[in-house]
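A short write-up of the structure that comes next.
Note on naming: letters A, B, ... go to the chains in the order of the sequence lines (proteins, then strands), and numbering restarts at 1 for each one. For the numbers below, each heavy atom of this structure counts, side chains included, while hydrogens, waters and symmetry mates do not. A quick note: this is a predicted structure, and the numbers were derived from the prediction, not measured.
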2 protein chains.
Amino acid sequence: MTEMGGAVAALGAEIAVEAVDPAGAGSLHEEILGKLRRFLVEGSLPDGARIPERTLCESFGISRTPLREALKVLAAEGLVELLPNRGARVRSYTETDIRELFEVMGGLEALAGRLACENITDAEIAAVEKLHYEMYASYMRRDLPSYFKLNQLIHKAIVDAARNATLAVTYDNFATRLQRVRYNANRENHKDRWGEAMREHEQILDALQRRSGVELNDILYRHLMNKQAAALRYRHDHPAQAAD
Amino acid sequence: MTEMGGAVAALGAEIAVEAVDPAGAGSLHEEILGKLRRFLVEGSLPDGARIPERTLCESFGISRTPLREALKVLAAEGLVELLPNRGARVRSYTETDIRELFEVMGGLEALAGRLACENITDAEIAAVEKLHYEMYASYMRRDLPSYFKLNQLIHKAIVDAARNATLAVTYDNFATRLQRVRYNANRENHKDRWGEAMREHEQILDALQRRSGVELNDILYRHLMNKQAAALRYRHDHPAQAAD
DNA sequence: GGATGGCATTTTGCATTTATTTTTGGCTGG
DNA sequence: CCAGCCAAAAATAAATGCAAAATGCCATCC
């Protein structure tokens, strides 16, 4: 397994850098958990790569116990898979997995939209409007990174307005898994759908302003389904590093 | 902490019984995980009870390492909460938590219904019909346990028909958390709503037969919201062992 | 008499050690 | 020369041991 030697070395470097910032909370294993999660999301390790715990322990400068605990949690979160007596692998998402993830995200966002319409304040709607127009400006400027950032903030604002912490946590969990996928599929693929997505966001804002729960529910679900279709289309056109 | 001595003793007994049945998969910590989860769901430990790991280790007859790993996973699943340097407690669901759980379940079931309408086969619809009429028979017989069992099977059938394993796993996770709540709130409270629930299930079957995704989506969500209202109403009338 | 500070006990968190399983390399037999 | 098997090495899983943090208790001081 030399193919990931470089990646593990990179991991070591990453840790050296992040050791400065007091990332985690109190306990060591939570700190490790956060670092590992971030590392996996950023896609620095190829899909399906084995995660030799001994090597990682040396990189992190810790013992194997807290690392194993962190891996168990990450497995429960769906970012790694644990093969009995054979260690951990980076979970490789098949096309089916990706389809399913988008569907669940669609259901969660739809729920968030419905609840948000029941609970959102005028001030929060104004804040979303602001984000929306900033995002539109980014769209006109063809500033993709800014667009993505604002896009994320809008969706997060809707989830927050749903007043449901359990939903927010679950949403974050799935968003994290999808990020792992999205980092692989380069963001370029979004350009195909950019105009369409922008129009959908107009509808999202409109439904939110009118506090129409059922409409926002439906729009957000279809919005995610369109994202899904685009992602799968991209994957078919670029089966480069696919690991199905 | 003598208040839970009896409960832990009961735990020990439980394990002795279950040690016979080959519950878990291969690895020891997964076996422990399953046992602990089942034990927590059954509500044998009071809300907020401390879980001293040393005591549990003796009960299970294992070392602390696999137990700690299992506890970390259960914390990620939301069944226990880990206080840094202060061990694990049984997570006590506040009224807000319960409200949130029902909302998320509503979103997930709604999604399942929508997807099921797109994917379900005629044979599967026939199977649901069969379950439905059996459930109706149980309703007429006032056979609550049978009714509950069939009710669960119908909802499970819809989730399975959604053809989304990720959704199914997530659904199970939340269903487990709610079971922990439901075991506390005695099932008697359902009798208030029994007729109403039965009528809702007529609509569910109808929408499924017509494969009307948007309708089933909405019906299932409202179905869960009515369950939520009933559960919270019960909780208000019976604040017995409430641990808010 | 009440409150505060220090000490002892208990409990958790991490590291180290031991054992079991898997894998790989080499060897032997066909 | 290839296939199957055995053995050694490596990796993982579990257990134990050690150190640090927290809680409870007691004594002393105000």
query = Could you give the CD1-to-P distance, from I32(A) to dG13(C), as a whole number of Å?
reply = 15 Å

request  = Can you tell me the distance, in whole Å, between the CG atom of L56(A) and the C1' atom of dT12(D)?
outcome  = 14 Å

dT23(C) phosphate, OP1 or OP2, under 4.0 Å from R86(A) side-chain N/O = yes

query = Among all residues two or more places apart in sequence or in another chain, which pass the ring pair (Phe, Tyr, Trp, His ring centres under 6.0 Å) test with Y171(A)?
reply = none

query = Counting side-chain heavy atoms from C-beta on, which of dA22(D), dT21(C), dC14(C) comes nearest to H29(A)?
reply = dC14(C)

Integer-rounded Å distance: dT12(C) C1' and N85(B) CG = 6 Å

Short heteroatom pairs, N/O only, protein and nucleotides 15-20 of chain D, under 3.5 Å:
from    : atom 1 : to     : atom 2 : distance (Å)
dA15(D) : OP2    : S63(B) : N      : 2.9
dA15(D) : N7     : T65(B) : OG1    : 2.9

task = Give, for atom CG of L67(B) and atom CD of E58(B), the distance between the pair rounded to the nearest 0.5 Å.
result = 11.5 Å

note = The ring pair (Phe, Tyr, Trp, His ring centres under 6.0 Å) partners of Y147(B) (sequence neighbours excluded) come to H190(B), W194(B)

key: Between C1' of dT23(C) and CZ of R54(A), the distance in whole Å   = 16 Å

inquiry  = Can you see whether E109(A) engages H155(A) through a side-chain donor-acceptor pair at a distance of less than 3.5 angstrom?
reply    = yes

ask   = Is the NZ or CZ atom of R114(B) positioned over Y221(A)'s six-membered ring, under 6.0 angstrom from the centre and within 45° of the axis?
value = yes

inquiry  = So, using side chain to side chain contact (heavy atoms under 4.5 Å, CB included) as the criterion, who are the partners of R99(B) when residues are at least two apart?
reply    = T96(B), E103(B), Q228(B), L232(B)

inquiry  = How many whole angstroms separate atom CZ of R89(A) from atom P of dT12(D)?
reply    = 12 Å

key: E53(B) CD to dC14(C) P, straight-line distance once rounded to whole Å   = 11 Å

inquiry  = Please evaluate residues E31(A) and K35(A) with respect to the criterion salt bridge (charged side-chain N to carboxylate O under 4.0 Å, His left out), reporting the C-alpha separation (whole Å), side-chain torsions for both, the decisive distance (0.1 Å), and the verdict.
reply    = CA-CA 6 Å; E31(A) 194 181 323; K35(A) 285 183 184 175; 3.5 Å; yes

inquiry  = Between N173(A) and T170(A) (side chain of the first, backbone of the second, donor and acceptor by atom type, cut-off under 3.5 Å), is there such a pair?
reply    = no

remark   = Sorted by chain and residue number, the ring pair (Phe, Tyr, Trp, His ring centres under 6.0 Å) partners of H29(B) (sequence neighbours excluded) come out as none

Whole angstrom value for the distance that separates C1' of dG24(D) from CZ of R50(B) = 12 Å

ask   = Near DNA chain D, which residues from residues 67-83 of chain B have a heavy atom under 4.0 Å away?
value = none

ask   = What is the distance, rounded to the nearest whole Å, between atom CZ of F60(B) and atom C1' of dA14(D)?
value = 16 Å

